[in-house]
Amino acid sequence: KPLPPVEVKPGDHRLQFTYNIWFSRRAPGKQATTQNYDQNLKLIGRFASVEQFWAYYSRLVRPADLNSHSDIHIFKDGIKPMWEDAANKNGGKWIVRLRKGLASRCWENMILAMLGEQFMVGDEICGAVISVRFQEDIISVWNRTAQDTATTTRIRDTLKRVLNLPPNTVMEYKTHNDSLKDHSSFRNTRADGY
Amino acid sequence: GTRIIYERTFLMQMRNSPLAK
């Protein structure tokens with residue numbers, strides 16, 4: 001059921017959308033299932049203004065300091081960070097793999113671009129995830145309509161610009177439908193230029 | 001309505017605002 005609206009104090013800078021912060025951690029080696037993924041997903045905060053965002057963010061652990069197999073998800077209010085959610089089920093995500101050491105800076109740039117509406121794709125963005133893994137960190141940006149090539153191209157180009165990535169960084173797109181089929185988030189992806 | 005757009009520099013300035021503490 002929908003959560004109540006987040007109140008914004010007079011004078012606060014309201015964001016275009018309200019967002020929820022989620023955290024999840026998976027025991028390494030354990031088979032991921034929809035059920036245990038759902039159980040591991042914890043809602044840790046909600047914000048609707050720039051001031052509320054910074055109040056949460058300044059208390060959040062930076063990706064570089066998180067244990068492996070942890071994920072932070074920042075999603076628009078009403079959208080659960082699951083493939084099966086109504087807003088996600090026809091969507092997909094851009095995947096950017098980062099070598100260790102880049103995640104905290106890139107993640108911050110990613111969030112600021114999302115909250116600041118720099119993607120200019122209307123309501124297409126659902127949320128973003130930073131996934132801390134053993135040998136790499138992965139940023140993903142989820143959008144509603146995987147088939148909308150104009151939108152996914154625009155998201156990719158904005159991502160490249162705001163993350164300030166090295167020019168040879170490979171970006172991959174994966175539909176949530178494909179993730180559901182092969183039960184994996186980052187395997188069997190479609191490299192940029194498909 | 002109008003889309004609320006914030007540039008990165010503005011958001012970064014707001015980080016140090018006492019209101020965000």
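Side-chain atoms are counted along with the backbone in the values below, which use heavy atoms only and exclude waters and symmetry mates. In what follows, chains carry the letters A, B, and so on, assigned in the order in which the sequence lines appear, proteins first and then strands, with residues in each chain numbered from 1.
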### Side chains of B/I4 and A/L15 in contact at under 4.5 Å (non-hydrogen atoms)
no

### Query
What do the steps show when you test B/Y6 against A/L115 for side chain to side chain contact (heavy atoms under 4.5 Å, CB included), and what is the final call?
CA-CA 8 Å; B/Y6 295 114; A/L115 305 187; over 6 Å; no

### Query
Any link between A/I74 and A/L112 through a network of hydrophobic side chains (Ile, Leu, Val, Met, Phe, Trp, Tyr) touching at under 4.5 Å?
yes

### Query
Is A/F134 isolated, or which residues cluster with it under the ILVMFWY side-chain rule of less than 4.5 Å, directly or via members?
none

#### Entry: Candidate pair B/E7 and A/Q118, rule side chain to side chain contact (heavy atoms under 4.5 Å, CB included), full reasoning
CA-CA 8 Å; B/E7 298 290 342; A/Q118 301 296 315; 3.9 Å; yes

### Message
Determine whether A/M120 and B/I5 satisfy the following criterion, side chain to side chain contact (heavy atoms under 4.5 Å, CB included), listing intermediate values before the conclusion.
### Response
CA-CA 9 Å; A/M120 306 297 277; B/I5 295 169; 3.9 Å; yes

### Lys/Arg N to Asp/Glu carboxylate O, B/R15 vs A/E108, below 4.0 Å
yes

#### Entry: Atom CZ of A/R99 with >12 non-hydrogen neighbours under 6.0 angstrom
no

### Shared hydrophobic cluster, A/I95 / A/M114 (ILVMFWY, side-chain heavy atoms < 4.5 Å)
no

### Message
Could you check whether atom CE of B/M12 has more than 12 heavy atoms from other residues, nucleotides or ligands sitting under 6.0 Å from it?
### Response
yes

### Query
Non-hydrogen atoms of chain B under 4.5 Å away: do they reach the side chain of A/F53, the backbone, both or neither?
neither

